[in-house]
Amino acid sequence: MFKTVRMTVNGKAVELAVDERESLTDTLRERLGLTSVKKGCEVGECGACTVLIDGVSKNSCIYLTVWADGHEIITVEGIRGKNGLLHPVQQAFVDEAAIQCGFCTPGLILTGVELVNSGKKYSRAELRERISGHLCRCTGYENILRALEKVVGSESD
Amino acid sequence: MGIKKSVKRVDAVQKATGSAKYVEDLIPVGALHAKMVRSTIANGIVKSIDTTEAYRMPGVELILTCFDVPNHLYPTSGHPLSLDPNHSDTKDKLILERRVRYYGDDIAVVVADTPLNARLAAEKVVVEYEVFEPLLTPEAAVNNPCSLHEIRPNNELSRLDFEISPGGDVRFYNAEFSTDPKIAGRDDLIGVHYSVPTMNACHIETNGCFAYMEGRKLIVCSCNQVPHTLRRNIADAIGIPVGNVRVIRPYIGGGFGNKQDTMYEPIVGLCSMKLGGRPVAITLTREETFVNTRVRHAFDMMIKSEADADGKMTKRGLRINSNGGAYAAHTHAVTAYAITNNFQNYLTSGVQIGESSTAYTNLPSAAALRGYGIPQLSFAMESEMDDIARENGWDPVDFRLKNIQTDGFVDPFDKFVVSSCGMHGCIQKGREVSDWDRKRKAYDEFNKSSDKIKKGIGMACFSYKTGVWPIQIENASCRIMMNEDGTATVQVGATEIGQGSDTVLTQMVSEITTIAEDRLTLVPFCDTDTSPYDSGAYASRQTYISGGAVKQTAELLRNKLLARAASVYDLPIESLTIADERILDKESGQTVCTFAELCTFMNFTNDHVTETEHIIAESTFTAQSICFSYGVSFIDIEVDVPLGKVKINKVYSVHDSGQILNPALAHGQLHGGIAMGIGYALGEQLLFDQKTGKPLNNNLLDYKIPTAMDMPEVETYFVETYEPTGPFGNKGLAEPPLIPQAPAIRNAVLHATGVGIRKLPMNPQNLVHAFIEAGLIEA
Amino acid sequence: MYDIKTTYNAKSVREALRLLSENEGAVIVCGGTDVMIRIRELKLRRATLISILDIPELCEIHLDTNEDLLIGPGCCFAAICGNDLIRAHVPMLADACNQVGSPQIRNIATIGGNICNGAVSADSVPALMVLDAMLELTGADGSRVVPIREFHTGPGKTVLKADSEILTCIRIPRAKYTDHGGCYLKFGMRNAMEIATLGCAVNAALTRDGTIRDFAIAFGVAAPTPLRCPEAEALMVGKKATPALIRELRKAVLLETRPRDSWRASKELRLQLIQELSERATVQAIENCGGEIHV
Ligand code: FES
Ligand code: FES
């Protein structure tokens with residue numbers, strides 16, 4: 001059955017008729033063309049599909065679109081500044097060589113944005129914990145941690 | 001900028017903003033979706049398939065079964081065609097199989113309007129089997145009367161057996177399959193048994209592809225590392241001319257060798273052809289990607305080496321029985337790489353014998369995976385080195401230094417002379433930065449009074465070949481086209497799979513032409529209809545071989561620019577040179593013209609005197625060379641003995657990959673390789689039910705790749721040498737960093753606990769069992 | 001795309017119960033992290049889902065008038081870990097919840113789901129067991145209260161009537177957290193994104209002179225259901241926490257647990273973990289309530 005869902009996606013109000021069987025990943029990718037939302041497992045074990053729902057990182061693969069009704073969704077397509085500048089987390093990933101194949105990247109960047117928005121600073125150990133829901137097979141996480149430290153790292157560490 | 005600088009990746013912004021498109025992002029709207037019907041037995045024959053009910057399910061457009069496909073065997077390996085019958089790939093695969101050879105084998109395919117409908121219909125396909133007992137190990141399979149493939153009735157896919165004389169001559173012979181501790185039946189070579197499990201690449205993008213037709217042309221888009229080879233294999237499988245197939249390779253979400261082989265491209269191609277060219281897509285689930293693509297070979301190894309009283313190696317014997325799985329894929333190449341490497345790392349004065357076998361079994365097909373057999377071999381070889389050192393009371397580093405390969409070493413197999421061996425330098429550097437000598441003593445002292453927590457430091461080194469000449473062809477092409485504004489477009493057939501080749505190849509063009517990287521566009525997608533030929537990404541060959549093509553072509557371009565400028569401005573070519581995207585007079589340093597001026601003139605003038613042309617350079621590079629990369633890992637650990645847990649305090653990894661062309665990306669390769677090596681060491685193993693062959697842990701929760709919380713701090717270093725056969729003195733880098741991690745950790749556990757582990761992974765279960773056996777834990 | 005027939009979004013417990021009674025085979029979802037995976041595996045087909053995510057009273061954490069701690073089962077793990085009352089009174093529970101899955105999962109998955117799916121590996125359950133948590137199960141005719149110790153009946157099986165009841169409150173008695181020290185230790189093969197190979201929770205209280213006056217120990221994955229070890233507990237109470245007592249505890253817990261051999265872990269490993277984690281969790285719990293043992 002189709003249901004109408006109203007949500008804000010990347011700052012824009014959208015009203016969509018969606019198949020209630022759709023995951024949020026499906027809707028964002030296939031109806032809204034937001035293909036930065038990646039699929040690596042579809043069971044909540046890799047983090048590639050992570051999006052921010054009301055500012056909180058969640059796995060969109062196991063989240064039905066109908067549950068997103070009334071909520072605010074952010075994907076990597078929606079975090080660039082108005083003038084097209086990269087978000088500081090994106091810029092740090094580019095600068096620190098934190099990207100290899102890039103498949104885990106959008107999800108990790110969104111977790112980074114969540115950390116920036118928290119207004120807190122994080123030690124390396126805390127950062128390891130905060131990104132532990134993202135599997136990256138290419139980077140060994142080292143440069144990802146360096147990139148995040150640049151933006152939200154605590155001095156003490 | 002050019003080489004030897006940490007230029008930012010040319011694809012970084014695209015990947016950070018989500019604009020980089022991967023195969024699943026490109027599936028056309030309205031495409032149909034294919035779902036495989038997979039066998040629920042590991043060994044047997046499909047007697048019948050009933051699709052009646054499945055056809056009644058909603059959305060179904062087509063069902064093909066193993067009774068409907070061409071009866072034509074094709075090879076799946078991503079190797080370039082070999083014209084030498086001894087090295088050509090095994091043809092043993094049909095698009096769909098009646099003869100079931102592993103649990104999950106492809107026996108039919110359902111095409112429907114949505115992935116869910118395809119899946120629900122696939123469930124309704126009724127299959128009747130004749131069931132045979134699964135043969136899951138080489139020991140069970142070889143010489144079993146139940147043949148898996150007609151071409152190899154005894155289930156032994158291939159062998160490589162040899163003896164190396166002290167002079168370095170290799171005598172090849174044919175041995176019998178054996179599991180006896182006596183290597184080659186010799187009383188003086190009684191081996192110790194090591195085993196390493198099946199492993200999966202776990203690139204985060206699962207395998208997938210889609211196909212559609214334009215006229216007679218079958219267009220296949222796939223995340224494949226070797227598009228030109230894939231095109232051949234698709235044409236072969238379906239039985240159409242190579243020229244009728246066009247492969248498009250977009251951005252790839254990691255490959256590590258597991259996207260080298262031909263997988264589901266022939267099936268989607270065939271389905272699209274049967275459906276009048278409509279687009280048909282398949283995206284494997286994670287569960288499928290684990291077992292229905294390729295895996296790392298499990299090895300059983302018997303190893304025996306000896307040293308004399310001076311610590312010089314006198315003897316080496318090794319037998320490898322390798323689990324090749326259901327289909328040949330790379331045949332024996334992986335195991336051959338491994339068995340020969342046991343005789344390349346260390347100089348040995350006496351008997352050297354290697355015997356190896358790859359078996360067909362009822363498990364997923366094994367093929368290329370980062371390190372190509374060497375991680376397996378290295379675990380046994382480097383563990384044994386520490387055992388020998390320990391027995392004799394020698395320092396493991398000193399012992400290795402006495403025996404390692406050096407410049408002037410002649411590879412007994414490929415007969416080339418080593419001239420850039422940095423192994424000694426790597427080991428010395430690692431010893432120093434890891435504070436080896438002090439920690440070895442300090443930890444011994446610490447362990448005397450600590451029962452539960454034990455500290456250790458261990459190391460392991462390796463040598464790894466870059467490229468595959470002379471076993472296979474090594475060539476690559478490149479094309480560079482000047483634009484009127486002095487920018488240029490570069491086309492290669494090489495494959496960026498995350499390792500950074502597009503960036504480094506761009507730097508090479510910049511280095512030679514002086515055109516800045518941000519004014520060069522290396523076309524990120526490969527399209528076999530327009531991209532020049534390249535054998536693709538494997539054997540860590542992209543910067544070495546494809547780099548050769550890029551360098552040669554960039555030089556050609558530079559010469560063309562000079563020649564055109566000489567003729568336009570009527571100056572002797574010898575008087576000209578280039579700098580900063582300009583043509584200069586060599587002596588005065590005066591600008592003759594900018595590239596932009598020259599190319600604008602060329603592109604928009606029709607002048608017969610100066611023979612204007614669009615400036616394009618194109619060339620094929622053929623390499624007749626091969627070389628070794630080297631490296632070492634020193635790993636500092638703590639073992640929580642009662643819990644069987646290894647905590648890594650730090651990894652110190654030192655590598656010789658020749659000249660380092662982009663330090664930031666090169667260190668990134670080390671970080672990723674270390675992580676994959678730690679996974680292999682401490683947790684990863686693909687498990688199968690021993691009775692049915694059914695996979696048990698083919699998901700990312702139960703198959704343990706490291707998370708950020710499992711990774712230790714790492715320190716990475718390069719010891720730079722200059723490899724004369726590399727385009728810029730460089731050698732392979734992408735695969736090797738994985739290799740030494742497992743044996744280095746194992747040797748650290750040995751140092752910490754005195755227990756020599758001989759089985760991977762060193763997970764709590766295996767360690768607790770070993771510690772109980774050794775009496776460290778009370779049973 | 002999931003094999004779903006229809007979805008409802010209940011706004012009150014009553015509405016959820018009504019939808020449950022009207023739709024045969026309907027399933028309650030809160031975060032959905034387990035249910036969605038079951039649907040994807042086709043273990044649940046043509047599913048009817050009733051979401052209770054938008055029922056505010058199920059997502060609250062507060063103190064009852066008698067100072068029992070009340071936790072709404074709809075609280076996601078992240079909410080529990082970050083809650084001041086939980087951190088002040090039952091830090092062990094925050095610790096346990098903080099070890100579930102990954103940060104993103106903890107932002108979705110709820111403690112109620114963790115309890116109701118009956119998983120033997122549920123991280124929150126051993127902690128709730130040693131806290132003597134009481135579960136309020138609400139049906140059309142009212143509520144009943146079941147101690148969590150009696151909730152699990154087999155692997156994936158519980159006393160909850162899934163077709164007519166909803167877990168509506170988790171109550172932690174004041175007496176079990178005041179002056180108590182607790183510890184939950186999860187053993188997994190990796191440090192995140194992990195299902196427990198074994199989980200062990202201890203909750204203890206000491207008298208002034210350091211005698212153990214209250215002691216509870218519970219395990220996940222040590223038997224077909226999460227369980228407490230009453231005999232081992234009895235052994236501890238009234239004694240001073242000494243290394244010798246801990247050695248006895250290590251033996252005693254083996255008598256009450258029944259770990260299995262599975263491909264995830266051998267029985268031998270689990271037996272070793274049961275002993276070792278008992279010891280470590282006990283030492284830590286006793287330290288957390290002001291005591292000290294040197295093993
Ligand atoms: S795709 Fe959602 S967590 Fe992997
Ligand atoms: S960059 Fe490839 S998975 Fe992270």
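No experiment lies behind these values; they were computed from the predicted model shown. The chains referred to below are lettered A, B, ... by the order of the sequence lines, with proteins before strands, and numbering in each begins at 1.
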Could you check B:Asp710, B:Ile674, B:Ile637 and say which one makes a side chain to side chain contact (heavy atoms under 4.5 Å, CB included) with B:Ile648?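 Only match with B:Ile648 under side chain to side chain contact (heavy atoms under 4.5 Å, CB included): B:Ile637.
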Contact leader toward chain C among [options], where contacts are heavy-atom pairs under 4.5 Å:
options	answer
B:Gln765, B:His769, B:Lys645	B:Gln765
B:Ile777, B:Asn763, B:Thr285	B:Ile777
B:Ile705, B:Asp689, B:Leu767, B:Ile772	B:Ile705

Between C:Arg45 and chain B, which part of the residue has a heavy atom less than 4.5 Å away: side chain, backbone, both or neither?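 Interface part for C:Arg45: side chain.
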Interface moiety of C:Leu277 toward chain B, non-hydrogen atoms closer than 4.5 Å: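 For C:Leu277, the side chain is the part near chain B, not the backbone.
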Greater than 12 external heavy atoms within 6.0 Å of C:Lys239's NZ: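 Enclosed: over 12 neighbouring heavy atoms sit under 6.0 Å from NZ of C:Lys239.
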Could you check B:Glu778 against C:Arg250 for salt bridge (Lys or Arg N to Asp or Glu O under 4.0 Å), going step by step and ending with a plain yes or no? CA-CA 12 Å; B:Glu778 250 177 78; C:Arg250 287 179 66 117; over 6 Å; no
Given that the side chain runs from C-beta out, which part of [X] has a heavy atom under 4.5 Å from chain C: side chain, backbone, both or neither?
X	value
B:Asn699	neither
B:Pro115	neither
B:Leu687	side chain
B:Leu700	backbone
B:Leu682	neither
B:Asn697	both

cation_pi(C:Arg280, C:Phe187) dist<6.0 Å, angle<=45: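 Verdict for C:Phe187: no cation-pi partner in C:Arg280.
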Do C:Gln99 and C:Asp95 have side-chain N/O donor and acceptor atoms under 3.5 Å apart?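 Result is no, nothing qualifies.
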So which heavy atom on C:Ala241 is nearest to which on C:Ile286, and how close?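 Looking at all heavy atoms of both residues, the shortest contact is CB-CD1, 3.5 Å.
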How many angstroms lie between CE in B:Met709 and CD in C:Glu194, if you round to the nearest 0.5 Å?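 Between atom CE of B:Met709 and atom CD of C:Glu194 there are 11.5 Å.
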Can you confirm whether or not the ring centre of B:Phe290 sits under 6.0 Å from the ring centre of B:Tyr703?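 Centroid separation for B:Phe290 and B:Tyr703: below 6.0 Å.
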